[in-house]
Every structure is written in structure tokens, then in C-alpha cells.
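Notes to accompany the following structure.
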Amino acid sequence: LVRFHLTRTQAVRPDASHPGFALNGLHQGRTEKFGLGAIFPHSPRGLGECLSGYFRRLRRRFIRAAKAALDALPCDFRLGANLMQRLAKPSDYVRQEVLGQSSYVLPWEQRLCPGNPTDDPALGAQLYNEFACAAAQGVTPRSPAEQIADIVEWAIATPGEAARSLAADLAATYQGKHQFRMEDLELWDEETKSYRAHLIFHNEDIQVFSAQAIMALRTRAVRTKF
């Protein structure tokens with residue numbers, strides 16, 4: 001009884017017509033020796049790397065395109081949001097009579113809230129979106145009284161002419177000598193415009209400020225340096 005122990009190389013015939021010979025060559029990455037170079041210009045390993053790089057680039061392009069599309073939508077899709085809150089664009093506003101005055105409102109928003117109504121759609125959209133994003137994140141909106149208290153505190157504690165002028169107008173409103181009106185929008189400085197826009201609907205609330213708050217506002221109104 002004779003036994004033959006053939007190695008892997010000896011077991012495969014050395015001619016290109018044998019399928020085992022071609023497969024062994026492919027395994028070793030030698031496509032050019034077996035007439036397969038026209039089909040696979042790169043070795044199988046190189047071909048895999050090329051495809052992997054292509055799909056990585058394709059994935060990055062898809063992620064960028066999807067992010068751009070989501071950013072363009074008037075909704076808040078950020079991680080952690082409790083709901084998809086519609087955001088506003090200046091073009092969303094429509095003109096309507098509010099409290100006897102012509103103003104801009106958001107047709108889908110029934111609440112009286114920051115940015116709705118507004119006399120300036122660009123400013124209104126900014127205020128409304130801040131409010132809407134806070135609501136979508138589960139932040140409890142501050143009450144009107146708390147918001148007014150924040151404005152008063154800012155006017156008293158902030159240096160600069162804008163804060164001093166706002167403190168003076170708040171004190172004058174308390175005395176009935178001034179009112180925050182939409183007609184004065186173009187005269188407001190950018191730093192206090194959002195505060196003054198909010199106070200349009202709270203002129204009467206200012207007239208019930210505490211004596212301590214009024215004294216602090218009057219002191220700030222005449223104080224030009226900190």
C-alpha cells in the first residue's frame with residue numbers, strides 16, 4: 001500500500017485551465033497572472049478598500065444632505081425634544097387687527113406669546129423661535145410677571161445707555177407719562193428692542209410696581225456711570 005502526501009501547491013495543477021489554480025491565485029492577490037486583470041483592475045483587497053472608501057464618502061454626503069434638509073424645515077428635530085415644535089419665519093406672518101391696531105400674527109399660533117403678535121416679522125420670528133424651542137425642550141415658560149421682573153432687574157443691573165433709557169421709560173410708564181407702543185418700534189435700540197416689544201402688552205402691569213422697584217428704576221435712570 002503506497003500513500004501519497006501532496007502539498008497544497010502539488011494538489012493543484014499548474015496550468016491556468018484548472019479552476020483551483022485560478023482560485024489559489026486570487027487568494028494570493030495575483031489576478032494579472034490568470035487573465036482576470038480586465039475584470040478586476042485592482043487586487044481583491046484593493047478593490048474592497050476602494051468600495052469601502054466610496055461608501056464612506058457616500059454616507060458622509062447623505063448625512064450632510066439630510067442635516068441640511070432638516071435644518072430647512074420649520075420644526076425642531078433636536079435630540080431630546082419632547083415634540084416637533086413648528087418654528088417661524090418672517091414670511092409666515094400675516095397682518096391682522098390686534099387690540100385695535102394693525103399687527104403681524106402667526107396664523108397657526110392661537111396663544112399670545114413672545115413674537116405673536118409683533119410689529120416686526122423678523123424680530124417676532126426670533127422671539128417666537130426662542131419661546132418655541134424652550135417649550136419643545138420641556139422648559140416651563142416664565143409667567144408675564146416673572147418676565148417683567150427679569151426686564152426690570154436687567155435695566156437696573158446692566159451698565160450702558162440702553163439700559164438706563166429703558167429704566168427711565170419704565171419709571172415714566174409707572175407715572176403715566178410714557179407708554180410702550182408698536183408705533184415707536186423704529187425708534188428703539190437693538191439692545192432693548194425685544195424687551196420693549198414684550199412690554200407693549202404690559203403697560204398697566206407696570207403701573208402696579210412696588211415702591212422699591214420704582215425707586216431703583218429712578219435711581220438707575222439718573223445714573224450714567226457704574
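Heads up: numbering here begins at 1 and tracks the sequence. The figures that follow rest on heavy atoms only: side chains count, while hydrogens, waters and symmetry mates do not.
Contact detail for A122 and P90: the closest heavy-atom pair is CA-CG, 3.9 Å. Closest heavy-atom contact between R218 and A171: CG-CB, 4.0 Å.
The main-chain N or O of Q179 is never found under 3.5 Å from a side-chain atom of N203 such that the two would form a donor-acceptor pair. Between the N129 side chain and the A88 main chain, a donor and an acceptor come within less than 3.5 Å of each other.
By the rule that hydrophobic residues join a cluster once side-chain heavy atoms approach within less than 4.5 Å of another member, M215 and L217 end up as members of separate clusters. In this structure, F180 is not a member of the same hydrophobic cluster as L187, with clusters built from ILVMFWY side-chain heavy atoms closer than 4.5 Å.
Looking at heavy atoms from C-beta onward, P121 lies out of side-chain contact with D92 at the 4.5 angstrom threshold.
Among the candidates L166, D169, T173, the single residue satisfying the side chain to side chain contact (heavy atoms under 4.5 Å, CB included) test with L199 is L166.
Note: S103 OG to R95 CZ = 7.5 Å, rounded to the nearest 0.5 Å. Expressed to the nearest 0.5 Å, how far CG of L106 lies from CZ of R86 amounts to 8.5 Å. Rounded to the nearest 0.5 Å, atoms CG (L170) and CD1 (I148) are 9.0 Å apart. To the nearest 0.5 Å, the span separating CD1 on I156 from CD1 on I151 amounts to 12.0 Å. Considering CG of D119 and OH of Y93, their distance stands at 11.5 Å, rounded to 0.5 Å.
Within the structure, the salt bridge (charged side-chain N to carboxylate O under 4.0 Å, His left out) test picks out no pair touching residues 121-141 (sequence neighbours left out). Judged as a side-chain hydrogen bond (donor to acceptor under 3.5 Å, both in side chains), the pairs with a partner in residues 185-194 (not counting sequence neighbours) are, in order, D189-T192, E190-K193, T192-R196. Within the structure, salt bridge (charged side-chain N to carboxylate O under 4.0 Å, His left out) contacts touching residues 152-163 (residues at least two apart or in different chains) are E161-R164.
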Applying side chain to side chain contact (heavy atoms under 4.5 Å, CB included), run through L127 and C113 and close with a yes or a no. CA-CA 9 Å; L127 295 174; C113 57; over 6 Å; no
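Here S143 pairs with A145, E146 under the side-chain contact (heavy atoms from CB on, under 4.5 Å) rule; sequence neighbours left out. Residues satisfying the side chain to side chain donor-acceptor pair (under 3.5 Å) test with E109, not counting sequence neighbours, are R111, Y128. Residues passing the salt bridge (Lys or Arg N to Asp or Glu O under 4.0 Å) test with R181 are D184, sequence neighbours excluded. Partners of Y174 according to the ring-ring contact (aromatic ring centres under 6.0 Å, His included) rule, which considers only residues two or more places apart in sequence or in another chain, do not exist here. Checked against side-chain contact (heavy atoms from CB on, under 4.5 Å), A163 has the following partners two or more places apart in sequence or in another chain: W154, T158, R220. Taking R60 as the reference, R56, R57, R64 meet the side-chain contact (heavy atoms from CB on, under 4.5 Å) condition, with sequence neighbours excluded. Residues meeting the side-chain contact (heavy atoms from CB on, under 4.5 Å) test with A172, sequence neighbours left out: K177, H178.
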Got a list of side-chain donor-acceptor pairs under 3.5 Å for residues 205-214, not counting sequence neighbours?
from, atom 1, to, atom 2, distance (Å)
D205, OD2, H202, ND1, 2.8
S210, OG, A213, N, 3.2

